[in-house]
Amino acid sequence: MLLTASCIFYMFFVPVYILILIFTIIIDYISGIYIEKLQDKKKKLFLIISILSNVGILFVFKYFNFFNENMAYMARLLHWNYPIENLWILLPIGLSFHTFQSLSYVIEVYRGHQKAERHLGIYALYVMFYPQLVAGPIERPQNMLHQFYEYHSFDYKRVTSGLKLMAWGFFKKVVIADRLALFVNQVYNNSSEYTGFTLIVATVFFSFQIFCDFSGYSDIAIGAAQVMGFKLMTNFRRPYMSKSVAEFWRRWHISLSTWFKDYVYISMGGNRVSKSRWMLNLMITFLISGLWHGANWTYIIWGGLNGLFQVISYITRNVRRRVTGALNLEKLPRLYWILQVSFTFILISFTWIFFRANSMADAMHIISHIPEGLLDAGVIRAQLAELGTLGFDKYYFILSFILIIIMEGVHLLEESGKNMWEILSTKPAIVRYTAYYILILTILLLGEFGSNEFIYFQF
């Protein structure tokens with residue numbers, strides 16, 4: 001029943017694309033069995049077949065046009081004839097996610113960490129389980145396969161806990177993310193028309209938009225699975241509370257960052273090599289991560305910046321320690337924490353400019369025009385007045401900042417070891433259900449229910 005539901009769910013996009021999933025499922029299912037049976041070179045052959053089939057499909061649908069356009073551009077520079085045209089095909093929804101989930105299974109079987117799954121239906125469900133099919137979390141076979149064999153009885157506490165998590169996800173998605181998207185899209189889609197404060201507000205809003213959009217989806221997926229008795233891995237852990245870029249990536253899109261760490265970074269030697277090689281491994285991993293997110297140079301630069309910031313952090317660690325000691329910041333732990341978190345947020349928001357910009361030219365325009373007028377009070381007042389001309393009144397901005405503060409307040413509570421739902425569970429029923437109804441009414445009344453799909457569907 002779950003497999004049928006997952007097939008129907010996926011076919012709501014482009015029905016024929018389910019054939020792609022069926023093809024990769026059969027290839028990986030057979031490969032897993034033969035990898036377990038065979039030894040040495042024959043075993044590696046089936047691993048290569050699986051990787052090539054998965055990555056090949058991903059390349060054709062997602063990356064062919066990108067590489068083709070770059071080859072055509074180089075050919076024009078060299079005055080060569082290059083007759084190959086772009087492909088005009090839609091990217092299958094969630095292709096990157098279920099490709100990586102399939103690859104994790106085959107690699108784990110090859111490494112001897114997972115038994116090959118003999119039940120074709122169970123393996124198909126592992127790849128197609130609908131809550132996390134289109135945007136993760138990217139699960140490992142060790143966590144999921146055994147759950148499809150287990151009996152899941154109705155448990156009131158588990159079901160209500162899953163529903164609460166789903167509601168919180170909807171709040172982040174339709175109330176915060178989609179509200180912020182109205183302003184972000186207006187500015188970033190017409191970035192050449194704006195400068196200074198307007199660009200800063202749009203960039204900060206996008207930082208929270210992409211977090212609320214994607215973590216909201218993850219909460220909905222994890223909550224929906226939990227309602228049915230399945231446990232998915234945590235995908236976000238309050239990333240904007242991070243004190244460094246490296247810590248940010250331990251908290252952001254955890255299922256993807258650990259996938260790259262286990263199957264790319266560690267495979268190249270990780271940090272068990274010379275410092276120069278370690279830096280190269282780190283940069284390659286983040287450049288690949290950028291390319292995974294999108295077939296555009298803006299994503300590659302975004303990934304490279306995240307890697308570069310970590311390399312610079314390592315190189316300057318001793319200098320920063322001396323500065324911290326000279327300023328006695330360690331004796332002021334709260335102030336030191338605020339400074340670290342704020343600086344990390346600024347760095348991450350800077351990288352998001354490349355992630356959101358429609359082109360490299362737009363990204364460079366935004367970066368070069370953000371400083372304009374920031375030291376001139378008159379210009380700032382003019383830019384604040386400009387915000388009103390975009391069709392957004394002051395109440396839009398006030399409400400947007402209040403919603404962000406509420407969410408970050410919940411995160412701050414969780415960072416201190418407390419949980420909003422656990423605190424509510426100790427309160428009288430009138431208090432608990434008032435809070436639940438307020439959350440539901442907020443979603444219904446303040447939610448921007450439009451055509452805004454989840455951002456990560458495109459990846």
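Bear in mind the structure is a predicted one, so any value in this text is a computation, not a measurement. Residue numbers start at 1 and run along the sequence shown.
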Peer 1: Can any side-chain N or O of E36 pair as donor or acceptor with the backbone N or O of A116 at less than 3.5 Å?
Peer 2: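 Judged by distance alone, yes, a pair lies under 3.5 Å.
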Peer 1: Is a side-chain N or O of Y17 found less than 3.5 angstrom from the main chain of L90, in a donor-acceptor match?
Peer 2: yes
Peer 1: Taking everything shown except M71 itself, do over 12 heavy atoms lie less than 6.0 Å from its CE?
Peer 2: no
Peer 1: F206 vs W352 aromatic rings, parallel, tilted or perpendicular, using cut-offs 30° and 60°?
Peer 2: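 Geometry flag for W352 against F206: perpendicular rings.
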Peer 1: Is N54 reaching over with its side chain to a backbone N or O of S50, donor-acceptor style, under 3.5 angstrom?
Peer 2: yes
Peer 1: Given 3.5 Å as the limit, does a donor-acceptor pair link the side chain of R179 with the main chain of L446, or not?
Peer 2: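 Yes: the side chain of R179 pairs with the backbone of L446.
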Peer 1: Using the benzene-type ring in the case of Trp, are the ring centres of F100 and Y263 under 6.0 Å apart?
Peer 2: no
Peer 1: Ring of F454, cation from K173 - is the NZ or CZ under 6.0 Å from the centre and inside 45° of the axis?
Peer 2: yes
Peer 1: Counting neighbours of CZ on F230 that are heavy atoms of other residues, nucleotides or ligands and sit closer than 6.0 Å, is the number greater than 12?
Peer 2: yes
Peer 1: Could you give me the CA-CA distance, side-chain angles and deciding distance for S207 and S349, then say whether side-chain hydrogen bond (donor to acceptor under 3.5 Å, both in side chains) is met?
Peer 2: CA-CA 6 Å; S207 296; S349 295; 2.9 Å; yes
Peer 1: Judged by atom type as modelled, is there a donor-acceptor pair below 3.5 Å linking the side chain of T24 to the main-chain atoms of L21?
Peer 2: yes
Peer 1: Is it true that, when you exclude E150 itself, more than 12 heavy atoms of the residues, nucleotides or ligands shown sit nearer than 6.0 Å to its CD?
Peer 2: yes
Peer 1: What about the rings of Y123 and Y105, do their centers lie closer together than 6.0 Å?
Peer 2: yes
Peer 1: Answer yes if the side chains of Y265 and W278 hold a donor-acceptor pair under 3.5 Å, and no otherwise.
Peer 2: yes
Peer 1: Tell me, yes or no, whether the heavy-atom count around F12 atom CZ, taken from other residues, nucleotides or ligands under 6.0 Å, exceeds 12.
Peer 2: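 Open: at most 12 neighbouring heavy atoms sit under 6.0 Å from CZ of F12.
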Peer 1: Any Lys/Arg nitrogen of R251 or E247 sitting under 4.0 Å from an Asp/Glu carboxylate oxygen of the other?
Peer 2: yes
Peer 1: Y126 and Q147: side-chain donor and acceptor closer than 3.5 Å?
Peer 2: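 Per modelled atom types, Y126 and Q147 side chains form no pair under 3.5 Å.
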Peer 1: Does H293 reach the main-chain N or O of S289 with its side chain, forming a donor-acceptor pair under 3.5 Å?
Peer 2: yes
Peer 1: Assess K42 against Y34: is NZ or CZ under 6.0 Å from the centre of the six-membered ring, and within 45 degrees of the ring's axis?
Peer 2: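 Judged by the rule (NZ or CZ under 6.0 Å from the ring centre, within 45° of its axis), K42 is not positioned above Y34.
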Peer 1: One thing to verify: whether D362 and R356 come together as a salt bridge, which I'm taking to mean a side-chain N less than 4.0 angstrom from a carboxylate O.
Peer 2: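 Judged by the 4.0 Å cut-off on N to carboxylate O distance, R356 and D362 do not form a salt bridge.
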Peer 1: Is the side chain of D219 donor-acceptor paired with the backbone N or O of L165 at a distance under 3.5 Å, no angle test?
Peer 2: no
Peer 1: Within the side chain of S161, is there an N or O that forms a donor-acceptor pair under 3.5 Å with the backbone of R158?
Peer 2: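 Side chain of S161 to backbone of R158: no pair is present.
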Peer 1: Stepwise, does the side chain to side chain contact (heavy atoms under 4.5 Å, CB included) test hold for I210 with F355?
Peer 2: CA-CA 10 Å; I210 192 169; F355 196 94; 3.3 Å; yes
Peer 1: Is the distance between the ring centroids of Y436 and Y433 under 6.0 Å?
Peer 2: yes
Peer 1: Other residues, nucleotides and ligands only: do more than 12 of their heavy atoms fall within 6.0 Å of CE on M74?
Peer 2: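 No, not enclosed.
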Peer 1: What is the minimum heavy-atom distance between S96 and L58, and which atoms define it?
Peer 2: OG-CD1, 3.7 Å
Peer 1: Side chains of L87 and N68: does their closest heavy-atom pair fall under 4.5 Å?
Peer 2: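 With C-beta onward as the side chain, the pair stays apart.
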Peer 1: Can S244 and Q340 be counted as having a side-chain donor-acceptor contact under 3.5 angstrom?
Peer 2: no
Peer 1: Say whether Q132 and E139, considering side chains only, have a donor N or O and an acceptor N or O under 3.5 Å apart.
Peer 2: no
Peer 1: Suppose we call two aromatic rings close when their centres sit under 6.0 Å apart. Are Y299 and W292 close by that rule?
Peer 2: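 No, the ring of Y299 stays outside the 6.0 Å limit from the ring of W292, centre to centre.
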Peer 1: From the options W302, F66, F354, select the one residue that forms a ring-ring contact (aromatic ring centres under 6.0 Å, His included) with W297.
Peer 2: F66
Peer 1: For L287 and I300, which heavy atoms make the closest approach, and how far apart are they?
Peer 2: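 For L287 and I300, the tightest heavy-atom pair comes out as CD2-O, 3.6 Å.
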Peer 1: With a 6.0 Å cut-off (strictly less than), is the heavy-atom count around CZ of R317, excluding the residue itself, greater than 12?
Peer 2: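 Check passes, neighbour count above 12.
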Peer 1: F46 and Y110: ring-ring contact (aromatic ring centres under 6.0 Å, His included), yes or no, with the steps?
Peer 2: CA-CA 9 Å; F46 280 94; Y110 178 80; over 10 Å; no
Peer 1: Whether the E414 and N419 side chains hold a donor-acceptor pair (N or O, under 3.5 Å, no angle test) is what I'd like checked.
Peer 2: no
Peer 1: Tell me the closest heavy-atom pair linking C7 and I18, and the distance in Å.
Peer 2: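 C7 and I18 have their closest heavy atoms at CB-CD1, 3.6 Å.
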Peer 1: Is the count of non-hydrogen atoms from other residues, nucleotides or ligands lying under 6.0 Å from F343 atom CZ greater than 12?
Peer 2: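 No, because the 6.0 Å sphere around CZ of F343 holds 12 heavy atoms or fewer from other groups.
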Peer 1: Under 3.5 Å, is there a donor-acceptor pair between the side chain of T198 and the main chain of Y194?
Peer 2: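 Side chain of T198 to backbone of Y194, a donor-acceptor pair under 3.5 Å: no, none is there.
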Peer 1: Would you say R320 and S313 are linked by a side-chain donor-acceptor pair, where the criterion is simply a distance under 3.5 Å?
Peer 2: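 Result is yes, a qualifying pair exists.
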Peer 1: For the residue pair K243 and T344, confirm or rule out a side-chain donor-acceptor distance under 3.5 Å.
Peer 2: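 Their side chains do not contain a donor-acceptor pair, so the 3.5 Å distance test is not met.
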Peer 1: Got a salt bridge between E415 and R237, using NZ or NE/NH1/NH2 to carboxylate O under 4.0 Å?
Peer 2: no
Peer 1: Would you please indicate yes or no on a ring centroid separation below 6.0 angstrom for F248 and F345?
Peer 2: no
Peer 1: Would you confirm whether S191, through its side chain, and V187, through its main-chain N or O, come within 3.5 Å as a donor-acceptor pair?
Peer 2: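 Judged by distance alone, no pair lies under 3.5 Å.
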Peer 1: Starting from the C-alpha separation in whole Å, work towards a yes-or-no answer on ring-ring contact (aromatic ring centres under 6.0 Å, His included) for F286 and W249.
Peer 2: CA-CA 10 Å; F286 273 95; W249 278 101; 5.5 Å; yes
Peer 1: So, H411 versus Y240, ring centres under 6.0 angstrom or not?
Peer 2: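 Centroid separation for H411 and Y240: 6.0 Å or greater.
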